[in-house]
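Report on the following structure.
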There are 2 protein chains.
Amino acid sequence: MREVFQQELQEVRERLVEIAELVATSIEKATRAFNESDVSLAEEVIAEDHRIDQGTVALDELAITILAKQQPVARDLRIVVSALRISASLERMGDMSTHIAQLARYRFPDKVVPKKLRGTFADMGALDVEIAQKLAELLRTEDVKLAEEIRNEDDKVDDLHLSVFDTVLGEKWKGEAADTVDATLASRYHERFADHAVSIAKKVQYLVTGDWDPDINAGV
Amino acid sequence: MREVFQQELQEVRERLVEIAELVATSIEKATRAFNESDVSLAEEVIAEDHRIDQGTVALDELAITILAKQQPVARDLRIVVSALRISASLERMGDMSTHIAQLARYRFPDKVVPKKLRGTFADMGALDVEIAQKLAELLRTEDVKLAEEIRNEDDKVDDLHLSVFDTVLGEKWKGEAADTVDATLASRYHERFADHAVSIAKKVQYLVTGDWDPDINAGV
């Protein structure tokens, strides 16, 4: 029984990595579509989000089946419950990526944000891509050093998020209302994407080290 | 054992209702603070969000203890897993409410949105309050008629959300960038608040009727 359980846990882990890799591909394409106004790439991201959704639904079913058949307790139980939560966060990361792609498609053939902010969004996008790739790596290796790196990169995303508001609310901002709306939403999506990654990273860190952070669910 | 389990499930249900009531109070105060630029009310909402957070953390621990001790299967297992998910959505609803209060506080003594949009936000806020109250009622009574009502009200919130963008992007919009940012964020928070309620309502509906909606997690 124990051996079967370990195999099933391994299956859960592998599926989480697969979904995280889909998310990493999604955000990589979404930020490229966003930065380069590539509408066909944007549509690809939107069309492929269902793969992430299906992956998370299937994973949830597997986790529930494991709970029912294996009746895990203690740490094993927490691993399975954490997998359910990680799955929910990955699903939302896919949604954020899709929203970024939708902004790119909606504004086509124009670029989503005016020149002044393109550098900021390029940096934010690059950070989100890096975060997503490190997240997949963290889920695969459980190397908690990566969790720390993800947190640091999230801090940078937060700083950029605030700087978008500084720009938009500054006296020099000449953007139209549509630019302001797009910049606000895009910045929020990028920031939430990174937040979800941090939330997942904390759960992995907890599972590996056993250090429970009472704020583990706060803000996500 | 079975009887203990039923008692524990009842405890889970009662706690979910309690948290949902805290959320309903929170959104009621937040929308009032928002509409009336009441900064002390806004601060109350912000200060009390930790009660919702603590409630959800405690509920999650209870649910995990039940899984470990009672080893539920089939429908009982799904009830406990659903409770974990409902808890996560309630926590996010509290966050959305807090974000709305933060906008009110940030803009004080000014109102958050210009005159033109105040009616729309008053309607959106009233709908969110009604949705939250019905959600608490739904969790208490499991009357699935309420789930249907929540869905219908969410459709109205979505319409209002789109109408905010129509206004902000229309030729007659004379708001400053700060107005545009606030309207965009506030509208998004109201919309997400209602989305989470629908997601919870679907889970309750599923638990009561057994009809599984494969999109039950999509979009939240």
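Labels below follow one simple rule: chain letters A, B, ... track the order of the sequence lines, proteins then strands, and each chain is numbered from 1.
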Seminar exercise, completed: Whatever's closer than 4.5 Å to a heavy atom in chain A on B:L77 counts as side chain
Problem set entry | Atom CZ of A:R51 with >12 non-hydrogen neighbours under 6.0 angstrom | no
Exercise. Listed by residue number, which members of residues 164-175 of chain A have a heavy atom under 4.5 Å from any heavy atom of chain B?
Worked result: A:F165, A:V168, A:L169, A:W173
Problem set entry | B:L84, part contacting chain A, at a heavy-atom distance under 4.5 Å | side chain
Exercise. Between NE2 of B:H99 and CZ of A:R188, what distance do you get to the nearest 0.5 Å?
Worked result: 4.5 Å
Seminar exercise, completed: Expected contact set for residues 176-184 of chain B against chain A at heavy-atom separation under 4.5 Å reads B:A177, B:A178, B:T180, B:V181, B:T184
